[in-house]
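Input: a single structure, listed below in structure tokens.
Just so you know, ligand 1 is whichever comes first in the structure, and atom 1 is the first atom listed for that ligand.
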Amino acid sequence: MIPGPVEFDPEVMRALGAKTASHVAPEFITVFGRALKRLREVCLAPSAQPFVVSGSGTLAMELAVANLVEPGERALVVNTGYFSDRMALLLTRYGAEVTQVRCAPGEAPDVAAVESALAGGRFKVMTVTHVDTSTGVLAPVEPLVRAAGRHGVLSVVDGVCATAGETFHQDAWGADVYLTASQKAIGVPPGLALLTVSPRAMAAWRARKTPVRSLYADLGEWLPIMEAYEAGRPSYFATPAVNLVCALDVSLGQILREGMEARFTRHRRMAKAFRAAWRALGLKTLPVSESVTAHTLSALYYPEGVDAGVIARVREQGVVLAGGLHPELKTRYFRVGHMNVVGPGDVLASVGAVERALVAAGHRSEPGVAVAAAQAELLRAG
Ligand SMILES: *Cc1c(COP(=O)(O)O)cnc(C)c1O
């Protein structure tokens, strides 16, 4: 129950263990082409160009930055924490002039503050972290992306801890790049960087005056490959992670069979059950209010008298949790991921394990209150 890698479906794991096909075998071309089409559907981005490249989420971030900014161009980073800092670092590394709109850890970005920065900034791109994995904050992505669009600024949304878990309508909202990695709500072991890029962003990339500095991260190398796989033709730039792509196709198929709205709703329901349990235990969340709290993970302060040792106690109960990540608060909180195949059984097992570990660590609460609160919420939600 960590915010990635998450639990994976057995069918996805079977695809990973199957015999490895040639990257130009007709049957693999079919699978890769279908995975690309499915990625477009998962991001609700019928007009976007999908990219699947071997690497982690950080490579997906780097692909966006390396292709969309040229030295001296201006970028606005909506900074909510750890991975927004990484985005700013990447932008700086590629020569962008970076301005940041920051908020305190646990707070969501202020749309009006971003809007006024956009109005005065002559920015080429704005980046925002959909779910900040270091704080558990869900950013108001729709209004932010729409604001960027109104100011003619390209929007890059880091969805690594959100894509296929949090509501997102790329085309309808006008987001230019949605990027993620395989190991979070997409439900595939680590190793794939995934992006869907709008026609407007592709045009901005085509209009570059300077070459992309990284060869491996150049969309110019990958575009013909993605187009060929979708068209059913063999092609080669750099060997794809064949088995991971097969596993991706299986997982995206499962996601689409569940349906995007149903999947978003399930993530919201499970998150609500977790929140009811945390409240019953008297735990305080990092996000300052319910409306800015993510549905893909919980970030919780250790209660009075309890420290990070409790994570090991929870692990003894068979549930793996994550420690803190935000540099300012790292030692004061822990995180529980609830993405991908998470259901009522996972909620009750995890909440029960946290409850037992906290009580064993000396936290005072009535045995069973957390499980009862989660169960009541699960029953309420139907
Ligand atoms: C996990 C994560 C990343 C980094 O992904 P890696 O696969 O670890 O490189 C980037 N952004 C967010 C929001 C994340 O949660």
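Checked for salt-bridge contact, Arg279 and Glu377 miss the test: no charged N lies under 4.0 Å from a carboxylate O. Taking the charged nitrogens against the carboxylate oxygens, Arg150 and Glu115 do have a contact shorter than 4.0 Å, which makes a salt bridge.
Looking at ligand 1, you won't find any N or O of Arg86 less than 3.5 Å from one of its N or O atoms. Looking at Val160 next to ligand 1, no N or O pair under 3.5 Å apart turns up. Below 3.5 Å of separation, one finds an N or O of Thr133 facing an N or O of ligand 1.
Within the structure, the closest approach of Lys184 to ligand 1 falls below 4.0 Å when heavy atoms are considered. Within the 4.0 Å heavy-atom cutoff, Asp132 does not count among the residues contacting ligand 1.
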- Task: Kindly determine whether Glu41 and Lys37 satisfy salt bridge (Lys or Arg N to Asp or Glu O under 4.0 Å), including the steps that lead there.
- Result: CA-CA 7 Å; Glu41 287 180 54; Lys37 289 186 176 71; over 6 Å; no
- Message: Go through it in stages, so that I can follow the logic: the residues are Thr135 and Glu107, the test is side-chain contact (heavy atoms from CB on, under 4.5 Å), and I'd like the CA-CA distance, side-chain angles, deciding distance and then a yes or no.
- Response: CA-CA 9 Å; Thr135 59; Glu107 278 176 18; over 6 Å; no
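Every atom of ligand 1 is numbered from 1 in the order shown, and the set under 4.0 Å from a heavy atom of Thr58 is 4 (C), 5 (O), 6 (P), 9 (O). Within ligand 1, counting atoms from 1 as listed, the ones closer than 4.0 Å to a heavy atom of Gly57 are 5 (O), 6 (P), 7 (O), 9 (O). Those atoms of ligand 1 that come under 4.0 Å of a heavy atom in Val131, given as number and element, are 13 (C). Listed by number with element, the atoms of ligand 1 under 4.0 angstrom from any heavy atom of Ser56 are 6 (P), 7 (O), 9 (O). Distances below 4.0 Å separate heavy atoms of Cys161 from the following atoms of ligand 1: 15 (O). Against a heavy-atom cut-off of under 4.0 Å, Met61 is close to the following atoms of ligand 1: 10 (C). Atoms of ligand 1 lying under 4.0 Å from at least one heavy atom of Thr129, given by number and element, are 13 (C).
Annotation: atom 8 (O) of ligand 1 to nearest protein heavy atom, Gln183 NE2, 4.0 Å. Atom 11 (N) of ligand 1 has as its closest protein heavy atom Asp158 OD2, 2.7 Å. The nearest protein atom to atom 4 (C) of ligand 1, hydrogens excluded, is given as Phe83 CE2, 3.5 Å; this is a heavy-atom distance.
With hydrogens and angles left out, the side-chain atoms of Thr133 and Arg335 include no donor and acceptor closer than 3.5 Å. For the 3.5 Å distance criterion, the side chains of Thr129 and Asp158 fail to qualify, holding no donor opposite an acceptor.
Val319 approaches Ala353 most closely through the heavy-atom pair CG2-CB, 3.7 Å.
Heavy atoms from other residues, nucleotides or ligands lying under 6.0 Å from CD of Glu304 number 12 at most. Few gaps surround NZ on Lys124; more than 12 heavy atoms of other groups in view lie less than 6.0 Å from it.
Using a 4.5 Å cut-off on side-chain heavy atoms (C-beta onward), Met226 and Tyr229 make no contact.
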